S.K.: 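There's a structure below that I have some questions on.
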Amino acid sequence: MDNENVSDMVEVYWYVGKITYELSENSKKASYGKKIIEALLTKLTNEFGGGFSPVSIRRMRRFYEMYPIWSAVPTELSWAH
């Protein structure tokens with residue numbers, strides 16, 4: 001995977017984290033959070049193929065929480081970090 005593709009995927013992961021964060025902030029119910037993750041899992045798998053799991057989506061959320069401003073994400077950062 002070249003650097004441009006890695007950068008694109010990091011951006012996708014950041015946006016998924018942002019979506020899950022914002023949706024879960026609107027509802028504190030655990031069942032609602034689980035439904036959000038399941039819906040995103042289905043959508044991401046349909047659009048990008050396999051490799052997504054509830055654990056990876058939670059990691060994307062943590063990634064967003066660490067870098068809530070996209071421009072603050074280090075340019076040399078790859079998803080492996």
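Predicted model only: the values in this text are computed from it and were never measured.
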S.K.: Going from CG on L23 to NZ on K35, what distance comes out if it is rounded to the nearest 0.5 angstrom?
M.R.: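 The distance works out to 13.5 Å.
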
S.K.: How close do W14 and I69 get, counting heavy atoms only, and between which atoms?
M.R.: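 Shortest heavy-atom separation between W14 and I69 comes out as CZ2-C, 4.0 Å.
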
S.K.: Roughly how far, to the nearest 0.5 Å, is the CD1 atom of I36 from the CZ atom of R61?
M.R.: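 One finds 8.5 Å between CZ of R61 and CD1 of I36.
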
S.K.: Quick one: does F52's side chain get under 4.5 Å of M60's, heavy atoms only?
M.R.: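 Contact flag for F52/M60 side chains = yes.
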
S.K.: Working note: V16 + F63, criterion side-chain contact (heavy atoms from CB on, under 4.5 Å); need CA distance, chi angles, decisive distance, verdict.
M.R.: CA-CA 10 Å; V16 170; F63 177 64; over 6 Å; no

S.K.: Got N46 and T42 here, is their nearest side-chain heavy-atom distance under 4.5 Å?
M.R.: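 Yes, their side chains come closer than 4.5 Å.
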
S.K.: Hey, what do you get for CZ (R58) to CZ (R62), rounding to the nearest 0.5 Å?
M.R.: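 Answer for the CZ-CZ pair, R58 versus R62, is 8.0 Å.
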
S.K.: Work out which heavy atom in G51 is nearest to a heavy atom in S56; give both atom names and the distance.
M.R.: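 So the minimum-distance heavy-atom pair works out to O-OG, 4.3 Å.
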
S.K.: Walk me through whether V10 and W70 qualify under side-chain contact (heavy atoms from CB on, under 4.5 Å).
M.R.: CA-CA 10 Å; V10 169; W70 172 245; 4.2 Å; yes

S.K.: Using a 4.5 Å cut-off on heavy atoms from C-beta on, say whether the side chain of L44 contacts that of I57.
M.R.: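 With C-beta onward as the side chain, the pair touches.
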
